[in-house]
Protein chains: 2
Amino acid sequence: MSTKRVEQLHAQGVRTRAHLLESAREAFSTCSDASLNSIAKKAGVGIGTLYRHFPTREDLIFELYRGEVQQMAQAADDLLEEHPPLNAFRLWLNRFARYAMTKAGLIGALQSATSRGRFAQEARGPLTAALQRLLDANRAAGTLREDLEPDDVLLAIAGLYQLDPAGDWEPRARRLLELVFVGLCRRDP
Amino acid sequence: MSTKRVEQLHAQGVRTRAHLLESAREAFSTCSDASLNSIAKKAGVGIGTLYRHFPTREDLIFELYRGEVQQMAQAADDLLEEHPPLNAFRLWLNRFARYAMTKAGLIGALQSATSRGRFAQEARGPLTAALQRLLDANRAAGTLREDLEPDDVLLAIAGLYQLDPAGDWEPRARRLLELVFVGLCRRDP
DNA sequence: TTGCGTGGCGGAGACCTCTCCGGTACGTTG
DNA sequence: CAACGTACCGGAGAGGTCTCCGCCACGCAA
């Protein structure tokens, strides 16, 4: 059975990958800047193997949180169904902030995600798509400025990444989001 | 002459420090992420010596740009004298953006300057003081919101640090600053 | 003059990131 | 069944960050 064999070969890679992810999740939950070295060791594979599966640290972290990023994207749609557009947008921003701050590993990846890089393409993809839907809905409702692009929003809330997740970030995040929110609103003529 | 000798002793340290700064400036102007190793080597001192003078990479970078940071702070006063407060504020933000982007090394230091750390205390000191004066002037003029703190502004423009200094950052920076500016303005009743 | 205290120096060493390439084991093919 | 291809694995090695500690040189006091 050639296909079965091929799948078995694949299966070994898949298993290794799973081990890696598992030990990474464990390591990052303990310490947000765990070394890739220690993760590979804990997974019982060589460091080279880790790097072949996840060429950069961000790849690994993003893979860990892929599901949750998509969940964030989904949340945009859910909120849009249950709330008027402007409220949905505001709630989504809050949720984003909270999410980014509580997942310490993710925030590091977000922080180093500049314009290019794999994170930009893969994580920002779903995120920008979700933001686009939120912006569209608000455009239709006439609540937000009409010339906004998702990147503008992502850039405006970048200050979140400066906050210390272990510290007193909530009031500062609230102030930041409020400020951004006002900036995004349509100026009444 | 004890004091003279002491000064000579000091002088040696000062000279080493100057060498370090000189080769650091040279290295960073070529390549914004030069290794501290290479800087020490170029200065003809051991790596340990570099670290004693500048315990962290940020310390070194900040020291390189200390004068220019103070210049930024001074610019706030100059602008306030020559322009109405709101304009001064806007111009200062633009200048800040341009400055942060053109000094590739500095932006790295700014980027990693979270709430604590030496940069926060030393670089943000002058910067927050300057911002405070700008905010005060605008408060007096009734142009900006009255509950603003310098940190709010610094956080709001943190998106600048995500921009790629080598890329097409200007339009995005302009959009960001405009957005922030609107968010900072006093809401007309 | 001869220790002695001290500020400054240097680099070995621990640990990390990332690359590169030889080894291995499984599946295919003659 | 023997030989080969290929996907996957492992770790040595280059080069970086940062710490730590022995060393030196100089000024001072006896």
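Below, read A as the first sequence line, B as the second, and so on, with proteins coming before strands; counting in each chain starts at 1.
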Any pair counted as salt bridge (charged side-chain N to carboxylate O under 4.0 Å, His left out), so long as it reaches residues 74-86 of chain A, sequence neighbours left out: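 For residues 74-86 of chain A, and leaving out neighbouring residues, the salt bridge (charged side-chain N to carboxylate O under 4.0 Å, His left out) pairs sorted by first residue read A:D77-A:R133.
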A:R90: salt bridge (Lys or Arg N to Asp or Glu O under 4.0 Å) partners, not counting sequence neighbours: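 Per chain and number, A:R90 pairs via salt bridge (Lys or Arg N to Asp or Glu O under 4.0 Å) with no residue.
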Atom pair distance, as rounded to whole Å: [atom1] in [X] and [atom2] in [N]:
| X | N | atom1 | atom2 | value |
| --- | --- | --- | --- | --- |
| B:R15 | D:dC26 | CZ | P | 11 Å |
| A:K41 | D:dG10 | NZ | P | 13 Å |
| B:L60 | D:dT17 | CG | P | 11 Å |

Return the set of residues passing side chain to side chain contact (heavy atoms under 4.5 Å, CB included) with [X] (not counting sequence neighbours), or none when no residue passes.
| X | answer |
| --- | --- |
| B:A24 | B:F28, B:I39, B:L60, B:L64 |
| B:Q71 | none |
| A:L91 | A:L79, A:H83 |

Pairing residues for A:D168 by the side chain to side chain donor-acceptor pair (under 3.5 Å) criterion, not counting sequence neighbours: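 None.
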Side chain to side chain donor-acceptor pair (under 3.5 Å) partners for B:E146, two or more places apart: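 B:E146: side chain to side chain donor-acceptor pair (under 3.5 Å) contacts with B:R186.
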Contact pattern, 5' to 3', of nucleotides 9-21 of chain C - B, S or - by protein heavy atom under 4.0 Å: BBBB---SBBB--
Test item: B:L20 and B:R17 side chains (from C-beta on) under 4.5 Å apart, heavy atoms: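 B:L20 vs B:R17: side chains apart.
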Terminal helix-axis angle for the helix from C:dT1-D:dA30 to C:dG30-D:dC1, with five pairs defining each axis and rounding to 10 degrees: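 Here the helix ends are tilted 40° relative to one another.
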